[in-house]
Amino acid sequence: MSDPTANVTDWTSVGRYGASPPGVMLAEATFTAAWNLQGDTSRAPFGGEANRLFDLALPTAPNTTARRAPLTALWLGPTSWLIVASEAHALTDFAAKRDALNAAGGALFDVTASSIGWSVGGPRAETVLAKSCPLDFHARSFADGVCAQSVLGHVNALYYRRNTELFTMLVARSYARGAWKTLCRSALQYGYDVLPPFAF
Amino acid sequence: MLLIPCPWCGPRSQIEFTYGGDANAKRPAPGAPEAVWYAYVYLRDNPAGPHAERWLHSAGCRQWFEVRRDTRTHEILGCARPGETLPGAPA
Amino acid sequence: MKYSIFSLARNAVGFHERWPLAWRSPSPKPRYDAVIVGGGGHGLASAYYLAKEHGVTNVAVLEKGWLGGGNTGRNTTIVRSNYHLDANAHFYEYSLKLWEGLSKELNFNVMYSARGVLNLVHSPADLDAAIRRGNAMRLNGIDAKFMSTGEIARAIPTLDCSADARFPIHGGLLQPRGGTVRHDAVAWGYARAADACGVDIIQQCEVTGIRIEGGAIAGVETTRGFIATAKLGLAVAGHSSHVAAMAGIKLPIESHALQAMVSEPIKPVLDTVVTSGAVHFYISQSDKGELVMGGDLDFCNSYAQRGNLPIIENVVGACLALFPGFGRLKLLRTWGGICDMTMDGSPIIAKLPVKGLTMTGGWCYGGFKATPASGWLHAYTMARDAPHPLNAAFTLERFAEGRMIDEKGAGACAWAH
Amino acid sequence: MTQSHRLPEGGIVDRSRPLRFSFDGAPYEGYAGDTLASALLANGVHLVGRSFKYHRPRGIATAGVEEPNALLQIDVGARTEPNVRASVFPLREGLVAASQNRWPSLSLDAGAVNDVASRLIPAGFYYKTFMWPATSKAWLRYEHVIRHAAGMGRSANAPDPDHYEHQHAHCDVMVIGAGPAGLAAARAAAMTGARVILCDEHPVFGGSLVGASAMVDDGPAAAWIDATTRELKGSSLVTLLLRTTAFGHYDDNLIGLIECVGEDSADGAPRERLWKVRAKSVVLASGAHERAIAYANNDLPGTLLAGAARTYIDRYAVRPGSRAVVFTNNDSAYAAALALQRAGVAVAAVIDPRPDAAIDGQWPREARAAGLPIVPGAAVARAHGRLRVRAVDVVPLSGGAGRRIECDVVCVSGGWNPAVHLFSQARGRLRYDAEHATFVPGSALSQMTPAGAANGRFGLAAALDDGHAAGIEAAYRAGFAAASAPQPPRAAAIATGALQPLWSVPTTRKGDKRFVDLQNDVTVADIALAAREGYRSVEHLKRYTTLGMGTDQGKLSNVVGLALLAEVTGRSIPEVGTTTFRPPYSPVTLGAIPGHATGKEMEPTRCTAMHDWHAERGARFVNTGLWKRPHSYPRAGESPDDAANREATNVRSRVGIVDVSTLGKIELQGNDVAEFLNRAYINRWDTLAVGRCRYGVMLRDDGMVLDDGTTSRLAPTHYLMTTTTVNAVKVMQHLQHLLQIDWPELEVFATSVTEQWAAAALSGPDARRVLAKIVDIDVSNGAFAFLAVRECRVSGANGEIPARVFRMSYSGELAFEIHVPADRGRAMWEAVIAAGEEFGIMPYGTEAMSTLRIEKGHVVIGPEADGRTTADDLGMGSLVNAAKWCIGKPMLARAALSAPDRWQLVGLTAQDGAIMPRGAKIVADPDHALPNPMLGHVTSWCWSPNLDAWIALALVANGRQRHGETLWAVSPLANAKVRVTVGPPCFIDPEGGRLRV
Ligand SMILES: Cc1cc2nc3c(=O)[nH]c(=O)nc-3n(C[C@H](O)[C@H](O)[C@H](O)COP(=O)(O)OP(=O)(O)OC[C@H]3O[C@@H](n4cnc5c(N)ncnc54)[C@H](O)[C@@H]3O)c2cc1C
Ligand SMILES: NC(=O)c1ccc[n+]([C@@H]2O[C@H](COP(=O)([O-])OP(=O)(O)OC[C@H]3O[C@@H](n4cnc5c(N)ncnc54)[C@H](O)[C@@H]3O)[C@@H](O)[C@H]2O)c1
Ligand SMILES: Cc1cc2nc3c(=O)[nH]c(=O)nc-3n(C[C@H](O)[C@H](O)[C@H](O)COP(=O)(O)O)c2cc1C
Ligand SMILES: [Zn+2]
């Protein structure tokens with residue numbers, strides 16, 4: 001089977017591909033730290049401790065996020081969150097925080113290097129994501145601030161709608177090249193720009 | 001393709017899930033007699049009709065939960081988080 | 001009337017208006033010496049061999065639908081005996097030997113096509129395992145041949161043997177005597193032969209209960225009334241748990257949907273059966289020209305005889321990865337059957353813990369090839385009230401005793417075998 | 001290139017855009033908007049193929065997907081495509097089409113001898129013969145001949161140059177079919193604010209209304225279709241899909257659509273797109289398929305369905321012939337008769353079995369008024385002609401003399417069958433509708449509403465009404481209601497008379513062929529034969545005669561066939577019932593089904609952080625699960641195996657480094673982690689000191705070994721577990737199950753950190769010297785003992801990298817495992833390589849790693865721990881801690897699992913320098929008669945460069961008692977047999993002195 005994106009390399013190859021004006025915008029979404037926070041918010045003192053340490057209220061409703069720039073807390077599960085920092089020094093003293101959380105009946109894991117982030121925008125963003133993912137990205141059911149873990153083809157992926165125009169997604173590092181290729185191929189028919197990286 | 005109601009994430013496509021089988025197979029206490037362990041490890045409820053089964057939302061929230069599904073029609077009758085009682089129990 | 005080219009010619013003269021019934025449609029008698037539940041290949045074969053080999057002719061086969069309408073009528077027709085573990089190897093080899101003479105035995109052309117079954121190997125580890133299995137087959141007196149990638153490429157030019165394939169082909173294990181058998185013909189051939197021996201084949205008759213008196217089988221409740229018998233044999237495949245439960249027996253079995261599919265018919269492109277464990281795929285071309293394909297289970301208990309898209313995507317994805325030239329052919333039909341998956345991937349052909357009750361089942365997705373041997377041994381076990389050495393290992397008790405026959409080593413997970 | 005049969009005006013073809021194409025080598029011309037079939041008919045070509053079994057000449061029979069005859073081979077080379085239905089395939093410039101299943105030519109086909117010999121080959125003949133001689137290979141020979149006679153078109157023999165993609169979609173209302181009912185439904189649903197998807201397999205909207213003269217909302221139908229589609233296009237909530245077939249209904253209202261996008265994939269667009277639509281509610285407005293009536297030679301080219309004739313005239317402006325006979329048992333064909341007359345075709349007669357009095361619907365009346373000769377109470381009994389129908393014999397049903405009527409087209413209508421396929425796939429029950437003598441949707445479905453002809457509501461007015469109502473209902477079911485009830489589109493109702501069932505016309509000549517299934521050559525006689533032989537279930541009939549098993553799946557023939565079966569077996573039609581409707585509704589291109597998930601992307605590929613470095617050094621990669629791992633790093637002129645031996649020797653003599661990033665890594669925190677690990681592993685973890693690690697083994701509940709790996713205690717309540725590469729996910733899911741379902745009371749938090757850490761194992765006598773150069777900690781034996789864990793910083797060319805270093809050894813040499821965040825993996829690797837240069841460091845791959853571990857007798861999950869082995873079988877029984885319970889222990893008590901004859905792990909050494917064969921089995925006597933009892937088998941084997949011999953690990957019955965014995969390792973496949981000495985599994989440094997230095 002022919003592959004129209006045979007020569008696609010990776011998210012660093014900034015430029016325009018396919019038709020103009022492009023229907024899709026892709027860019028790496030950079031972040032300085034990503035920590036997996038676990039614990040049962042219904043059990044004191046964990047909840048209070050977590051909110052104090054990061055000075056933001058953990059989103060407890062499934063598939064929601066809480067944002068206090070430069071921090072974003074994404075719901076991963078009933079007792080699990082991903083806290084992402086988009087600026088250097090926004091998340092520090094990992095060990096101290098981990099110990100504090102352990103003491104409070106929770107846990108903290110550093111997963112900063114585990115995944116690659118991409119931003120996907122443009123009029124065709126929803127269509128392109130929906131080619132490889134069974135989630136309903138229509139604003140009616142995937143509103144601003146919603147996040148959901150699902151798949152991109154056969155690869156697990158996390159999707160987060162930052163605003164009406166912009167999705168950000170995370171894919172595990174070892175799968176990233178194939179996943180990127182998938183995105184590019186889905187986008188090529190509408191034309192796409194790869195922009196320089198910008199913050200998560 | 002099933003639309004599986006994750007008790008946390010809501011209805012999601014089957015491809016996000018991993019099957020866990022008979023939910024009535026409950027891990028015995030360590031000291032339980034060998035016969036009890038044998039039944040737990042090898043015997044399965046396998047009804048043609050409503051079936052209590054476990055699913056893991058493996059590509060989603062990573063939670064194991066229970067679903068009652070009619071094995072003749074694939075119709076899902078209810079779901080429950082661990083500890084909750086699974087609705088739609090056959091009368 | 002004996003089937004042959006001559007009877008065919010004779011009937012042609014009479015515009016085929018004098019062909020007799022292949023089997024009668026009798027109404028059930030109140031009592032039989034033996035009753036078989038399930039009018040698939042295994043049930044019909046059990047009845048045939050009971051009558052033919054053991055002289056038990058007062059036998060009924062009860063089928064809830066139409067005979068051959070279960071997995072016998074919906075499988076991908078692959079027959080082989082390329083097993084690693086002794087118990088399986090000897091059992092399936094006996095079956096293959098029976099296949100070789102079955103058309104003559106039944107005077108019905110079951111179209112045993114010894115076109116060879118080739119298991120592809122996609123990694124060095126698979127290669128070790130395949131060769132180990134081939135060696136075990138040979139030491140058990142079963143035909144097996146290793147094919148190098150080059151030999152495969154020459155034998156099957158449509159196959160992608162390139163080294164940079166996602167799952168490159170490192171060689172293959174061929175069983176030359178393996179092949180295919182026309183699925184429907186098996187049910188019909190056994191039905192006709194059993195009927196000729198006096199067996200009553202009763203369709204549209206569902207067993208709804210099993211009557212046990214004093215710990216022994218007394219008969220079965222059916223949608224056509226109670227039928228008395230002291231010997232009851234179950235051959236209900238996907239419904240094994242369901243029917244055994246009527247006798248208060250819980251089995252180490254789960255029922256799962258397995259799908260199969262055919263492409264539109266095309267001129268011959270594939271002369272052997274090709275299978276790949278690594279990508280869960282098997283394919284052959286039927287005499288009518290369709291590519292008959294199958295793959296993995298649908299992975300959740302089901303009695304629905306239907307499956308879903310993801311598995312079909314995997315099967316066709318594997319097909320095109322191996323045969324990139326088939327991309328513009330078209331999928332004609334997909335369907336499903338219900339597989340009785342055991343906890344070690346091997347069947348149960350044995351007496352059950354109720355006097356007079358036996359079963360042959362737990363076929364997982366591989367029981368079509370077992371049909372003749374399963375019927376033969378099931379009949380033997382029913383008639384002698386004791387197993388034959390060839391099925392002595394396939395007991396229900398083996399799990400409690402720790403004598404699993406786990407070809408894949410996947411353990412007590414029904415859908416992993 | 002005249003289009004001899006093209007009408008001067010009308011239709012939807014674009015006369016300004018002629019298209020040239022060829023059929024069987026001859027050049028022709030058609031217009032844009034034509035299908036291949038309409039273009040052929042426009043050129044007077046009816047003969048397009050040969051039938052499957054008898055190779056009888058066949059013509060175009062329909063104007064839709066139900067076409068049984070006109071199956072052509074399209075294109076050549078890699079893009080060639082067999083069995084293409086000319087009746088729906090859009091014509092395009094330069095199209096190359098050819099007929100199938102004939103040799104040497106269409107008009108002169110050798111296979112036609114089958115027709116002559118046809119009496120010898122009735123339904124199921126092959127079950128009765130070809131059994132001689134009674135050898136196991138006999139059938140193979142007959143089969144060879146039969147296979148080549150059967151089949152239809154040909155497959156390409158080069159990879160498909162085009163690509164295909166998937167598209168998920170969600171909607172409130174999915175409308176299938178864009179005829180009047182579908183359009184009305186979509187319009188009504190859209191008005192409620194619901195998200196609507198409307199699809200139709202044709203390239204234009206309107207269904208049977210296209211080109212029709214009917215009026216809707218007091219205007220021409222075309223205008224209404226236009227207005228409605230424009231209105232729908234206007235809404236952002238509506239998706240319109242043409243050339244898109246809904247091929248299947250799956251669980252929970254997932255509808256599979258297949259969209260034809262383009263013929264080639266320039267600009268990156270796919271050739272076809274497979275949609276997976278999750279619909280809250282569905283309207284099935286799929287219309288109806290006309291059926292034929294069986295009479296002698298009813299398969300002659302020039303015979304087509306009346307509705308099709310009407311479609312060719314109205315939609316494509318094509319005259320199907322010059323002199324037509326219409327044969328119908330219902331009113332609809334009278335509309336076709338009128339169309340024929342309008343198109344200038346002489347209508348020789350309209351033959352209708354119904355009594356004159358019953359022929360009084362509006363269309364029959366119009367036909368009379370138009371002077372069409374109607375012959376009531378009669379039927380067509382036989383057609384004459386060779387490659388084209390010349391005449392038909394018409395007989396009065398009351399008996400009496402018939403007469404012959406010359407004609408070059410016969411237009412037949414036996415009634416209409418609603419296209420209930422998807423309704424039935426969705427497990428909807430069908431009801432037999434005696435009035436229309438067909439099956440229609442019975443009990444309603446909660447998620448699917450059939451509408452229009454698909455719902456047995458034939459007739460435009462009814463269809464519009466029904467569709468409109470269905471649209472509102474479906475939207476309501478999805479939670480949407482219109483603010484104000486919109487007006488349904490209106491059309492004049494047409495009075496139609498009742499249909500009179502007629503399935504086949506009796507014949508007096510026994511040899512006559514009256515076809516029911518045109519594609520599979522199933523005749524009325526075949527059906528009688530099946531019934532006579534006891535194949536009386538409709539499913540047996542289907543399988544014995546292959547009725548309805550062709551590419552058309554019996555869209556024309558099934559109902560006729562089962563009606564005839566009912567007749568001959570004296571049952572009612574509903575008693576006989578239908579066969580099962582299965583996806584796909586019409587055949588789907590294989591390439592579209594996986595989309596991109598095939599070829600190299602059939603499964604995703606995982607790469608470690610050091611992948612590019614390996615690739616740049618010419619590493620040979622192997623698959624391990626989804627990962628690519630270096631097998632070895634062959635140098636110029638070196639074979640992979642030689643490379644592996646060089647790498648392995650270098651580890652034992654100097655130092656080597658291997659990428660072990662793919663190992664599963666799970667981090668655990670919480671107060672109960674130690675207790676949890678005690679339960680999950682056979683060995684103890686509460687006794688493990690902080691800062692140390694230990695090898696552990698996990699069992700399955702059935703007592704067999706599940707997985708192994710080292711686990712470290714990083715802090716009192718913080719552990720890091722490693723798993724095998726292949727089992728990483730399985731183990732994580734197992735632990736999640738234990739924590740969430742089985743032991744929720746335990747306070748343990750776990751997360752997979754496989755992706756977080758890149759890891760490399762540095763091993764060999766010089767490992768410490770290399771490490772010392774790049775880390776900021778004391779790595780002396782005293783400060784950093786065997787099985788200790790340290791956090792430190794690795795410094796290299798590109799700065800400092802935080803790392804965890806584990807002093808453990810798989811190779812059996814002094815070794816350290818270095819873990820760093822994956823984004824710094826390559827930097828760490830290059831730092832080690834640079835530091836190691838002076839010591840002759842070499843990277844090594846999985847092959848050398850395997851050699852090293854075999855020499856050490858380390859087991860691997862898979863070959864040794866093959867799912868049938870216990871810890872004791874593998875010589876690790878002592879690890880099963882007696883003092884505590886663990887998973888798998890209860891089932892280990894089963895007698896058979898400690899039987900003396902169990903296969904146990906041993907080491908084998910080939911005697912007198914012989915080569916150990918691959919995959920060998922162990923026997924006592926290689927020349928023993930077959931079956932030769934097997935004592936065990938080789939699990940892993942290698943050439944040991946360090947022992948200078950072929951060695952192996954093996955599982956051997958009662959092996960631990962056999963140390964010192966000589967047995968045979970045999971490989972009949974390679975006809976090799978080797979004497980081997982049985983011994984302990986560990987070949988090098990059993991005391992482990994080397995790794996503790
Ligand atoms: C898609 C698919 C592909 C397969 N491919 C292969 C293959 O390539 N090779 C191979 O060797 N095997 C294959 N198999 C497995 C094989 O088809 C089965 O193991 C085998 O056909 C079982 O035969 P059987 O006679 O036991 O079961 P069946 O043919 O299913 O017969 C059992 C019968 O029992 C009847 N029954 C059930 N309950 C009752 C009741 N209460 N009362 C009365 N009757 C009842 C059923 O209606 C059914 O007709 C495949 C299976 C499937 C589903
Ligand atoms: N007895 C009769 O007189 C008779 C019989 C049949 C139809 N009709 C006429 O047919 C019309 C009925 O309207 P209708 O809308 O119900 O039917 P229709 O035939 O007008 O429209 C059905 C449309 O759905 C399409 N379709 C069918 N299955 C599909 C699938 N799986 N995927 C995608 N598209 C699919 C068809 O190609 C067609 O375009 C009326 O105009 C009526 O006059 C009359
Ligand atoms: C080996 C084999 C070949 C088949 N070939 C065809 C075929 O050529 N055409 C067809 O329509 N169905 C074919 N089928 C599928 C049957 O039509 C049917 O779907 C299957 O027997 C299951 O029955 P069901 O669909 O009625 O449940 C085939 C089935 C098998 C097992
Ligand atoms: Zn979830």
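Throughout, protein chains are lettered first and strands after them, A, B, ... in sequence-line order, and every chain is numbered starting at 1.
Residue contact with chain D, scored on non-hydrogen atoms closer than 4.5 Å, involves the side chain of A/Asn36 exclusively. With a threshold of 4.5 angstrom between heavy atoms, A/Ala19 does not approach chain D through any atom at all. Contact annotation for A/Asp99: neither backbone nor side-chain heavy atoms come within less than 4.5 Å of a heavy atom of chain D. Neither the backbone nor the side chain of D/Trp275 comes within contact range of chain A; no heavy atom of the residue lies under 4.5 Å from a heavy atom of that chain. For chain A, the nearby part of D/Leu626 is the side chain; its heavy atoms alone come within less than 4.5 Å. If you measure heavy-atom distances from A/Leu135 to chain D, the contacts under 4.5 Å come from the backbone alone. Using a 4.5 Å cut-off between heavy atoms, A/Phe137 does not touch chain D at all. Within the 4.5 angstrom heavy-atom criterion, only backbone atoms of A/Ser132 (N, CA, C, O) approach chain D. Contacts between D/Glu165 and chain A at a heavy-atom distance below 4.5 Å involve the side chain alone, from C-beta outward.
The stretch residues 93-113 of chain A participates, sequence neighbours left out, in these ring pair (Phe, Tyr, Trp, His ring centres under 6.0 Å) pairs: A/Trp35-A/Phe94.
A/Thr41 places a side-chain heavy atom less than 4.5 Å from the side chain of A/Phe46.
Taking the centre of each ring, A/Tyr159 and A/Phe142 stay at or above the 6.0 Å mark.
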